[in-house]
Amino acid sequence: MAERRPRKDATRNRAAVFGAADALFARCESPEAVTMADIAAAAGVGKATLFRAFGDRTGLIRALYEARLEPVRRAVEEGPPPLGPATPPLERVPALLDAVLCFKLDNRHLALALERTGDDSPYSAEHYERWHVLLRDSLERVLGPGDSDFAAHALLAATRADLVGYLAGGKGVPRDELRARLARFTASVLGVGAGREPLSGA
């Protein structure tokens, strides 16, 4: 049986909702200030349409985040080096973190809105777990299983949207400088300066 395609009006509404939400989160001082009613009005759709399509505000933010992240996800899952799965870990780990940082810089308002949704720990969120597992598995080939889990958490902490927003917005640290600082921090964790090589059998 052929897979049903979304109706043209549904696709158009989804694009309008994503565009409206993006613009509202970019303009607001606090992500919590943006409501479903605000997004519906800006997109020119009924609020009931939003709830049918996304469930709730958190579902909408997650859907928008995943849509914006899709090019990065494809590059990580099936692309060439330095992000793709065939890349050696000493090259892939810094590239993955740089990609996360650049995404957070380009989508700072959206990433911050997602980090502030819900009452659960941000470390149990699906998008966080996905990055953590990816980094942990790569780090395990360099650091071993004992340190890789914690190291993955520590490295991802350096890319949190609230920290990125504070440094880039509040402190005015330029983009290239933030990327360079993260690269140096990552190199120190990987022990690159000490000439560390991947563990045997990796």
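All values below were derived from every heavy atom in this structure, side-chain atoms included, with hydrogens, water molecules and symmetry-related copies excluded.
- Each of L134, T159, T186 was checked for a side-chain contact (heavy atoms from CB on, under 4.5 Å) with L96, and the lone residue meeting it is L134.
- The side-chain heavy atoms of C102 and R175, taken from C-beta on, include a pair separated by under 4.5 Å.
- At a threshold of 4.5 Å between non-hydrogen side-chain atoms, the residues H127 and E66 count as touching.
- Remark: R108 does not engage E115 in a salt bridge, criterion side-chain N to carboxylate O under 4.0 Å.
- A donor-acceptor pair under 3.5 Å is absent between the side-chain atoms of R92 and the main chain of S138, judged by distance alone.
- Classification of R68 and D22 as a salt-bridged pair holds, one side-chain N sitting under 4.0 Å from a carboxylate O.
- When atom types are taken as modelled, the side chain of N107 and the backbone of F103 share a donor-acceptor pair closer than 3.5 angstrom.
- In this structure, E77 pairs ionically with R73, as a charged nitrogen and a carboxylate oxygen lie closer than 4.0 Å.
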Side-chain donor/acceptor pairs under 3.5 Å, residues 40-54, sequence neighbours excluded:
{"from": "T49", "atom 1": "OG1", "to": "R52", "atom 2": "NH2", "distance (Å)": "3.4"}

Evaluate L178 against L182 for side chain to side chain contact (heavy atoms under 4.5 Å, CB included), listing each step before the verdict.
CA-CA 6 Å; L178 278 176; L182 179 61; over 6 Å; no
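- Judged as a side-chain contact (heavy atoms from CB on, under 4.5 Å), and not counting sequence neighbours, the contacts of H132 are Y128, R136, D149, A152, H153, L156.
- A salt bridge between R74 and E70 is present, with a side-chain N of the basic residue lying under 4.0 Å from a carboxylate O of the acidic one.
- Under the 4.5 Å side-chain heavy-atom criterion for ILVMFWY residues, no single connected hydrophobic cluster contains both V189 and V133.
- The residue from L110, V17, I39, L69 that alone fulfils the side-chain contact (heavy atoms from CB on, under 4.5 Å) condition with L64 is L110.
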